[in-house]
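Keep in mind that the numbers below use all heavy atoms, side chains included, and drop hydrogens, waters and symmetry copies. We name chains A, B, ... by the order of the sequence lines, and we start the count at 1 in each one.
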There are 2 protein chains.
Amino acid sequence: MRPLTIGTLAKASRVHLETVRYYERIGLMPKPSRTASNYRNFGPEHVERLSFIRRAREIGFSIREIRELLALAEPGRASCAEVQTLTTVHLSEVRAKIADLRKLETILAGALERCLGESAPACPVLDMLASPRPS
Amino acid sequence: MRPLTIGTLAKASRVHLETVRYYERIGLMPKPSRTASNYRNFGPEHVERLSFIRRAREIGFSIREIRELLALAEPGRASCAEVQTLTTVHLSEVRAKIADLRKLETILAGALERCLGESAPACPVLDMLASPRPS
DNA sequence: CTTGACCCCGTAGTAACTACAGACCTTATA
DNA sequence: TATAAGGTCTGTAGTTACTACGGGGTCAAG
């Protein structure tokens, strides 16, 4: 098969082309070999790694966390326990964020409900933002 | 009372001092008057406006949205309907985010559960990230 | 041989701050 | 009055994770 150019790699792993270059710049992806005309030349292992990264991003891991995951995924380092720790931390962050957003949801929905009620002398949303003690 | 310096204003409205300057730079806060020695000199209306902004940020409104809210809050423009629209849009964004995070939560919790199960030949989290079809 | 699609690099822009550096000013204490 | 601590000034750069651009070189098809 043809040498894998950056565009093909990007499509294969469903990562934006410019993002591939970005990942290389920040050292998340290894520098690939180059053709005579200086084009990047990737192999299947790059597709795999890049797809791994994309999936991890989709699950909400940060670049820093992905670096750790990739290190832990190295052969010989099958340290499931450490991966578990990382994932647990991440999960609890996700849960904290959900809890926060649910509070916001309640606040916003409450204000909007008051908008629909008849007894609104002023705008309930603006009131809430203007006064120190929102309902 | 003393002229309200930036530090005092920051404390009173519970906004980081540097953020106050930032808000002024981007035109979210009006430029205050200055003392003879070029210190910013604020009044109670600044505390109010800054607190309004902080509460709106806490509820997750973007700076752009807050600009609109502030414009709508101007006296004479009591356009509750427009505020309601803005808030409704924001609420649906919050709900969408919650839905996304809940999916992540399920995925992460599922992988971790498999970690605890006995039948783990490899790391379930890494497996999930490595294979195109996670369970 | 030309056209269009691809690739190169470096830089700058995005959101919403936060953190300096180096200078000046004010207030409290000795 | 001197000085030391702490507050304020400006402008710039760093943060996260990209995305977009400009100005060029390269490759494959017709």
Side-chain angles (χ1 to χ4, degrees), chain A residues 1-29 31-42 46 49-70 90 93-94 97 100 104, chain B residues 1-29 31-42 46 49-70 90 93-94 97 100 104:
Chain A
M1 43 197 184
R2 302 281 106 197
L4 209 46
T5 66
I6 194 171
T8 319
L9 170 66
K11 254 171 222 148
S13 46
R14 281 176 290 158
V15 169
H16 194 294
L17 188 147
E18 310 251 29
T19 306
V20 180
R21 283 201 274 254
Y22 169 70
Y23 285 164
E24 180 184 326
R25 242 194 346 271
I26 66 172
L28 195 58
M29 287 291 289
K31 301 203 176 207
S33 61
R34 299 291 184 121
T35 67
S37 56
N38 204 31
Y39 280 24
R40 285 174 182 80
N41 198 358
F42 299 95
H46 292 102
R49 188 179 175 100
L50 196 47
S51 302
F52 181 102
I53 294 170
R54 175 182 51 75
R55 285 183 210 109
R57 287 292 297 130
E58 284 171 358
I59 296 185
F61 283 104
S62 70
I63 299 285
R64 199 180 52 70
E65 287 169 328
I66 293 172
R67 268 186 225 278
E68 295 180 51
L69 285 174
L70 283 166
H90 181 50
E93 284 166 1
V94 167
K97 192 118 207 190
D100 281 356
L104 297 191
Chain B
M1 46 199 189
R2 304 278 107 207
L4 208 48
T5 67
I6 193 169
T8 319
L9 170 65
K11 253 172 223 147
S13 47
R14 281 177 288 159
V15 169
H16 194 292
L17 188 148
E18 310 251 28
T19 305
V20 180
R21 284 203 273 255
Y22 168 70
Y23 286 163
E24 180 185 327
R25 242 194 348 271
I26 66 172
L28 196 58
M29 286 292 287
K31 300 202 175 204
S33 61
R34 300 291 185 120
T35 67
S37 57
N38 204 31
Y39 279 24
R40 287 173 182 79
N41 197 359
F42 299 94
H46 292 102
R49 188 180 175 100
L50 197 47
S51 302
F52 181 103
I53 294 169
R54 174 182 50 75
R55 285 182 210 112
R57 289 290 299 130
E58 284 171 359
I59 297 186
F61 283 104
S62 69
I63 299 284
R64 199 179 54 70
E65 288 169 327
I66 293 172
R67 268 187 224 278
E68 295 182 50
L69 285 173
L70 284 166
H90 181 49
E93 284 166 1
V94 167
K97 192 117 206 190
D100 281 356
L104 297 190

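For the pair A:Tyr39 OH and C:dC9 C1', the computed distance is 13 Å after rounding to whole Å. Here the P atom of nucleotide C:dA16 and the CZ atom of B:Phe61 are 13 Å apart, to the nearest Å.
Counting only heavy atoms from C-beta on, B:Tyr22 has its side chain closest to C:dA16 among D:dT19, C:dC8, C:dA16. Looking at the side chain of A:His16, the nearest of the listed nucleotides C:dC8, D:dC9, D:dA20 is D:dA20. Here the side chain of A:Tyr23 is nearest to one of C:dC8, D:dC18, C:dC17, namely D:dC18. With distances taken from any side-chain atom of A:Thr5 to the nucleotides C:dC7, D:dT19, C:dA16, the minimum falls on C:dC7.
Backbone-only contact: B:Leu17 has heavy atoms under 4.0 Å from sugar-phosphate atoms and none from a base.
In this structure, A:Ser37 does not reach the C:dC7 phosphate: none of its side-chain N or O atoms is under 4.0 Å from OP1 or OP2. Of the side-chain N and O atoms in B:Thr19, one or more sit less than 4.0 angstrom from OP1 or OP2 of C:dT18.
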Kindly list each side-chain donor-acceptor pair under 3.5 angstrom involving residues 17-25 of chain B, sequence neighbours excluded, with atom names and distances?
| from | atom 1 | to | atom 2 | distance (Å) |
| --- | --- | --- | --- | --- |
| B:Glu24 | OE1 | B:Arg40 | NE | 2.7 |

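No more than 12 heavy atoms of other residues, nucleotides or ligands lie within 6.0 Å of CZ in B:Arg14, so this atom counts as exposed by the packing criterion.
With axes fitted over five pairs at each extremity, the angle between the ends of the helix from C:dC1-D:dG30 to C:dA30-D:dT1 is 20° (10° resolution).
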Per-nt protein contacts along nucleotides 10-15 of chain D (heavy atom under 4.0 Å; B base, S backbone sugar-phosphate only, - none) come out as B-----
